[in-house]
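Structure first, commentary second.
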Number of protein chains: 2
Amino acid sequence: MGFDDGEPVFADKGHDHAQCKARAISGAEAICLSLDLRLTDLRRQVLEIIWSSHKPIGAYDILESLSAQRGRVAPPTVYRALDFLVSHGIVHRIETLNAFVGCREPGPDHDGQFLICSDCGVAAELNDPQMMAAVVRSIRHAGFQPVRQTIEVSGLCPECLEQSRGE
Amino acid sequence: MGFDDGEPVFADKGHDHAQCKARAISGAEAICLSLDLRLTDLRRQVLEIIWSSHKPIGAYDILESLSAQRGRVAPPTVYRALDFLVSHGIVHRIETLNAFVGCREPGPDHDGQFLICSDCGVAAELNDPQMMAAVVRSIRHAGFQPVRQTIEVSGLCPECLEQSRGE
DNA sequence: AAAGGTATGTTATAGTGTATCGTTCGCGTG
DNA sequence: CACGCGAACGATACACTATAACATACCTTT
Ligand SMILES: [Zn+2]
Ligand SMILES: [Zn+2]
Ligand SMILES: [Zn+2]
Ligand SMILES: [Zn+2]
């Protein structure tokens, strides 16, 4: 299930998040290098802000954080950077939250499936081929040609679930 | 796959849509009767507007249409009616479109899966137990407790697909 | 009739996302 | 180097989506 990197779907509380972020930046650099894209300062800063946690962050929260770094910034600046990052599979948009989250395995043309904790706010990305296959199979029966899929499940992450059982 | 009522997932172009609408209203009436809820004039009018087609409609388009019927109407009026209809499973919200669409099999506590044509705008609702099972199975492996699922797939409906092949 | 809850009206404002235009930057070409 | 071109960015204004807060009307029960 999920990625084949052996990592848990939900990073535990004490994990080395600096490493998460560093790996994400490296991945973005690799993509831009291979596709001849430009990871400008602005885009890199936005990506770093998004990776400041595993919780999806809204465009205007990004804007605020960005303004602290480079002075007054207007919405289009943020949205353009987001468009770039999302269109190249470096960041995902969470439709149910109007928010953005970093991709663990960046690359073109993948939609992922997201588990979003309604308690603590963290989001985890799956990329389960069996789930995707089940969805596509069901859809094809309807004569529908899928292009883009949005799968977002809200609920309780393992930690918050554990906590709720304790009470 | 889908509902067990034998109807096609996508209603064809020449179908009797007045019947779709009438059945939806009847369903809503039945729900309200059984749960002691009030399907007021306002709520019924909003439901009828939503059922004017199989295309998801935005809140402000509903507002405009509603204003034509009962004079100036403010956003909260529409959103409150929508909250009622959505919370009782009579209408679904399409997250990827910020729009609302009528439910074919209204009732509490179901999320459905939606196929949305990016060409003509129609949306069809599935309720495929196999797909849901596959999603839940994959999710449980991550130690996640699902509460609400949002599955929306955009692409081409059978008619638009046929048309695009012809060109 | 009085009371209390539900539904609606009304105004204002919050939150999210784009259109448009002008300027700057990076880079290849003559 | 000067030029030209497209991509990226800055800045202003605006469009679209949704809710807060408070007042009023309605409906049901006592
Ligand atoms: Zn981390
Ligand atoms: Zn949590
Ligand atoms: Zn119909
Ligand atoms: Zn279509």
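So you know, we letter chains A, B, ... as the sequences are listed, proteins then strands, and number each from 1.
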Can you tell me how far [atom2] of [N] sits from [atom1] of [X], to the nearest Å?
X        : N       : atom1 : atom2 : value
Ile94(B) : dA18(D) : CD1   : C1'   : 18 Å
Gln69(A) : dC9(D)  : CD    : P     : 14 Å
His88(A) : dA8(D)  : NE2   : C1'   : 13 Å
Glu64(B) : dC16(D) : CD    : C1'   : 13 Å
Asp36(A) : dA7(D)  : CG    : P     : 12 Å
Phe84(A) : dG6(D)  : CZ    : P     : 20 Å
Leu63(B) : dT8(C)  : CG    : P     : 15 Å

Could you list, one pair per line, each protein nitrogen or oxygen that sits under 3.5 Å from a nitrogen or oxygen of nucleotides 16-22 of chain C, together with the distance?
unit_1	atom_1	unit_2	atom_2	d
dG17(C)	OP1	Arg93(A)	NH1	2.7
dG17(C)	OP1	Arg93(A)	NH2	2.6
dG17(C)	OP2	Tyr79(A)	OH	2.9
dG17(C)	O5'	Tyr79(A)	OH	3.4
dG17(C)	N7	Tyr60(A)	OH	2.6
dG17(C)	O6	Tyr60(A)	OH	3.4

Problem - Under 3.5 Å: donor-acceptor pair, side chain of Ser65(A), backbone of Asp61(A) - result: no

Problem - ILVMFWY cluster, Val135(B) and Ile116(A) together (side-chain gap under 4.5 Å) - result: no

Exercise for the section: State yes or no: do Ile62(B) and Ile25(B) share one hydrophobic cluster built from I, L, V, M, F, W and Y residues joined by side-chain heavy-atom distances below 4.5 Å, directly or via other members? Expected result: yes

Problem - Pairs satisfying ring-ring contact (aromatic ring centres under 6.0 Å, His included), at least one member in residues 144-167 of chain B, at least two apart - result: Phe10(A)-Phe144(B)

Problem - Residue pairs, two or more places apart or on separate chains, that pass ring-ring contact (aromatic ring centres under 6.0 Å, His included) and touch residues 52-73 of chain B - result: His15(B)-His54(B), His17(B)-His54(B), Trp51(B)-His54(B)

Practice task
Would you please confirm or rule out a distance under 4.0 Å between OP1 or OP2 of dC9(D) and any side-chain N or O of Arg70(A)?
Solution key: no

Distance-only donor-acceptor pairs under 3.5 Å for side chains of residues 155-166 of chain B, two or more places apart:
unit_1	atom_1	unit_2	atom_2	d
Glu159(B)	OE2	Lys13(B)	N	3.1
Ser164(B)	OG	Leu161(B)	O	2.8

Problem - Other residues, nucleotides, ligands: >12 heavy atoms within 6.0 Å of Asp16(A) CG - result: yes

Problem - Minimal non-hydrogen separation, Arg104(A) against Pro8(A), with atom names - result: NH1-O, 4.2 Å

Exercise for the section: Check the side chains of Glu95(A) and Thr96(B) for a donor-acceptor pair under 3.5 angstrom, ignoring hydrogens and angles. Expected result: no

Give me the distances for all protein-to-nucleotides 25-30 of chain D N/O pairs that come in under 3.5 Å?
none

Handout entry: Residues Arg44(B), Glu29(B): salt bridge by 4.0 Å N-O rule
Key = yes

Exercise for the section: Compute the centroid of each ring, for His92(B) and then for Phe100(B), and state whether the two points are separated by less than 6.0 Å. Expected result: no

Handout entry: Sub-4.0 Å heavy-atom contacts from residues 39-53 of chain B onto DNA chain C, ordered by number
Key = Thr40(B), Leu42(B), Arg43(B)

Exercise for the section: Using a heavy-atom cut-off of under 4.0 Å over every strand shown, decide if Thr77(A) touches base, sugar-phosphate, or nothing. Expected result: sugar-phosphate

